[in-house]
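One structure below.
Below, chains carry the letters A, B, ... as their sequence lines are ordered, and counting in each starts from 1.
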Amino acid sequence: MSVENIFAQILDRVRRATDALIAGGVLPAGIDQSRVAVEPPRDPAHGDMATNAAMVLAKEAGKKPRDLAEQIAEKLRGDDLVERVDVAGPGFINLTLKPAAWINALRTTVQLGLKYGQSDIGRGKPVNVEYVSANPTGPMHIGHCRGAVFGDALASLLAFTGFKVTREYYINDAGAQVDVLARSAFLRYREALDEDIGSIPEGLYPGDYLKPVGAALAAEYADTLRRQPEAQWLPLVRAKAIEMMMAAIRADLAALNVTHDVFYSERSLIAGGVDRVAETIEWLRARGYVYEGRLPPPKGAPVEDWEDREQTLFRSTSFGDDVDRALKKSDGSYTYFASDIAYHRSKIERGFQALIDVWGADHGGYIKRMQAAVAALSDRTAELDVKLIQLVKLLRAGEPVKMSKRAGDFVTLREVVDEVGRDAVRFMMLFRKNDAVLDFDLAKVIEQSRDNAVFYVQYGHARGQSVFRNARAVFSDLPADIAELAEIAPLELLSDPAELSLMRRIALYPRVVEGASLAHEPHRIAFYLFDLASEFHALWTLGNASPHLRFIIQDDRQTTAARLVLVQGVVTVIASGLALLGVDAPNEMR
RNA sequence: GCGCUCGUAGCUCAGCUGGAUAGAGCAUCAGACUUCGAAUCUGAGGGUCGGGAGUUCGAAUCUCUCCGAGCGCGCCA
């Protein structure tokens, strides 16, 4: 819990009050206090904070909630941070804090700067976040983009809250699809040797992006490959194609500022004479989780070439899955699931007990078996959270965007980033819950209006910075160092309801960050920033009708100094939140 | 047929892991620019939280059951 989280501070005071009641025999010793919470009330008229302590504890204590609330309230009265305590409704304890509490919180915010909102709730626990993991068979398309941004932001958020994060990409470079890639590249290789290849046959990748691969192969091997049988050239062409596709993918990710610490190759699981997949299967078999058996045919949609046969199965039903899952295909090779188990075993062996996988929504049916595998591999100690990322519908002014033929019938990530910019892409991808379908309108996201959340938040930051530029022109003697300014500024002059409300919003940030981190929901940061910007813009406009509420008061150095600290609080939090999302916080909008 | 994810204002969506009278944006209507950039702001109308039942002090949130949408359902990854 971070020291600057004022909600945590107040929860601590509530704990002291209930502990005192336990000591006094009013509450039973050992009562479960885990559900006691302190949160901002929906209605500001109820005060600054409310706690449910009395309602949560009443039953076990055998007391009426209202009576217990009164006793807790009595203990809280006289607290140095608390101005007023009221008992309301079914037993809420409403707290109104002294202005000094908010003033201190603001001062702390500004002095901590970009460290504000950090916490140690992760306690250094290693977390592995796997995201993107797009097949190396072509450039990134818009469908990959959302998962990439989500995973990247989630990783940043976890790191900010004290987890030891590893960002990981699983390269699917071992399945049949990379052989298809190799054959497709081989065609382009022949094309590069001036052969007429006609149209690309059905089943191969048609995109132009393989032409450079063909050219590179021609430069490297001249026409030697062409005279070899496929079994000979395929591994060479495949390796080259994968290498070049991964380079393209890394470049695409770089354009989005998405980074990874580890690129883990599926092929490496079975390379160098060590078969880690077989090892893992035997490891599981020794523990009774793998057996030879038969599966019932799938219900519903009939499978045409279904044959009932004995196969190697993983006992995922022991961990809540509906059926056991096949580990080998009929030709004896491993299923994708088998390698994926071996891959997740490597994560566990590398010391991760907390795993997060970011997948496309079409993989939803895969979650249970993978969680089952992780449970089996770790003796139920490791936890896998799978975040499903829903579809992105790409629009332009309300109309669906058509595919680009050259890229191979999909819109590439690069095209979109080039058109609307990285910030718009990143913010909008996070301005929705991960499991909700997202409409991404290319025309809307570059609009400069409130309807465009990216612009609106960035503009808030730029506006804040412009106040400082203007203030320096008026009061050149104010300290340039913001921490020093916060030290000397008479913050008690910030007494207007709109100012206090903004201070409360700023104080909410660490709580939002913690909640978003624990829930693995980075979108909460984006929505919070929108609300913060909104409140800041409103206060700004108040200055039009009420000149005494402007940030810079020509003949009042003290008030100006105090308000600059408030503006800095807003600027700091917007910059911090945008940084978590990987979005720039511009000093001016041009 | 089974499983997963959803269903909240006319539209697009939040709702802080069970809290008080369910909130924003867009759209509609009515307002605010001799400004610290109005690229903004203020106000109004608009809801059976898909329907029903249950759990408890209290449910949009948890459970069950219907209705509807999307995704998935040995040898694709």
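- Contacts of A:A88 with the nucleic acid, taken as non-hydrogen atoms under 4.0 Å apart, include base atoms.
- When the nucleotides B:rC41, B:rA20, B:rC57 are ranked by their closest atom to the side chain of A:P41, B:rA20 comes out on top.
- Base engagement by A:R550 is indicated by at least one non-hydrogen atom pair under 4.0 Å involving a base atom.
- Residue contacts for A:A519: at a heavy-atom cut-off of 4.0 Å it reaches a base atom on one of the strands shown.
- When the C1' atom is compared between B:rU56 and B:rG19, the two are found 12 Å apart, to the nearest whole Å.
- A 3.5 Å limit on both hydrogen-bonding distances identifies B:rU12 as the Watson-Crick or G-U partner of B:rA24.
- In this structure a side-chain-to-backbone donor-acceptor pair under 3.5 Å is present from A:T51 to A:A37.
- Between the side chain of A:N94 and the base of B:rA20 there is at least one donor-acceptor pair of N/O atoms closer than 3.5 Å.
- Annotation for A:E383: atom CD does not count as buried by contact number, only 12 or fewer foreign heavy atoms lying within 6.0 Å.
- Proximity of A:K59 to the phosphate of B:rC57: a side-chain N or O atom is located under 4.0 Å from OP1 or OP2.
- Rounded to whole Å, the P atom of B:rG70 lies 48 Å from the corresponding atom of B:rA32.
- Contact between the side-chain N/O atoms of A:R524 and the OP1/OP2 oxygens of B:rC16 is not found at any separation under 4.0 Å.
- The base-pairing partner of B:rC57, taking Watson-Crick or G-U wobble contacts with both distances under 3.5 Å, is B:rG19.
- Of the candidate nucleotides B:rG74, B:rU42, B:rU40, B:rG74 has the atom nearest to the side chain of A:R309.
- Rounded to whole Å, the P atom of B:rA14 lies 27 Å from the corresponding atom of B:rC66.
- Other residues, nucleotides and ligands contribute at most 12 non-hydrogen atoms within 6.0 Å of the CZ atom of A:R84.
- Only one option out of A:F337, A:Y169, A:Y334, A:Y170 pairs with A:Y343 in a ring-ring contact (aromatic ring centres under 6.0 Å, His included); it is A:Y170.
- A cation-pi arrangement, defined by a distance under 6.0 Å to the six-membered ring centre and an angle within 45 degrees of its axis, is absent between A:R369 and A:F314.
- With both pairing distances under 3.5 Å, B:rG46 is matched to nothing as a Watson-Crick or G-U wobble pair.
- Here A:R511 lies in heavy-atom contact (under 4.0 Å) with a base.
- Going from the P atom of B:rC16 to that of B:rU63 covers 15 Å, rounded to whole Å.
- Summarising the base pairing, B:rU5 is matched to B:rA69 through a Watson-Crick or G-U wobble pair whose two defining distances lie under 3.5 Å.
- Nucleotides B:rA60 and B:rA20 are separated by 15 Å at their C1' atoms, to the nearest Å.
- As judged by a 4.0 angstrom heavy-atom cut-off over every strand, A:F431 is placed among residues making no nucleic acid contact.
- Taking atom C1' in both B:rC49 and B:rG68, one finds a spacing of 16 Å when rounded to whole Å.
- Contact annotation: A:R450 side-chain N/O to B:rC26 OP1/OP2 distance is not under 4.0 Å.
- Contact annotation for A:E307: base contact, defined as any heavy-atom pair under 4.0 Å involving a base atom.
- By the stacking rule of 5.5 Å between ring centres and under 30° between planes, A:H363 does not stack on the base of B:rG72.
- Contact annotation: the side chain of A:V401 never approaches that of A:I142 to less than 4.5 Å [non-hydrogen atoms, C-beta and beyond].
- With C1' as the reference atom, B:rA9 and B:rU5 are 24 Å apart, rounded to whole Å.
- Taking the side chain as every heavy atom from C-beta outward, A:Y131 and A:L154 never approach each other to under 4.5 Å.
- Nearest to the side-chain atoms of A:Y366 among the listed nucleotides B:rU12, B:rA77, B:rU40 stands B:rA77.
- With both ends at atom P, the span from B:rG50 to B:rU12 equals 15 Å, rounded to whole Å.
- Both distances falling under 3.5 Å, in either a Watson-Crick or a G-U wobble arrangement, place B:rC64 opposite B:rG52.
- With contacts defined as side-chain heavy-atom distances shorter than 4.5 Å, the pair A:F431/A:L438 does not qualify.
- Candidate nucleotides B:rA77, B:rC13, B:rG72 were compared by shortest atom distance to the side chain of A:D362, and B:rG72 ranks first.
- Considering only the side chain of A:K368, B:rG3 comes nearest among B:rU42, B:rG3, B:rU56.
- Dashed line: the shortest gap from a side-chain N or O of A:K444 to OP1 or OP2 of B:rC11 is not under 4.0 Å.
- Distance from the side chain of A:V467 is smallest to B:rC36 among B:rA20, B:rU17, B:rC36.
- Here A:Y528 lies out of heavy-atom contact (under 4.0 Å) with every strand.
- By the 5.5 angstrom centroid cut-off and the 30-degree plane limit, A:F527 is classified as not stacked against the base of B:rA14.
- Residue-level contact check: A:R463 touches the backbone only, with heavy atoms under 4.0 Å from sugar-phosphate atoms and none from bases.
- If you check B:rC75, B:rG15, B:rU12 against the side chain of A:K433, the one that comes closest is B:rG15.
- The residue A:Q311 sits close to a base: some heavy atom pair falls under 4.0 Å.
- In this structure, A:P65 reaches neither bases nor backbone, as no heavy-atom distance under 4.0 Å exists between it and the strands shown.
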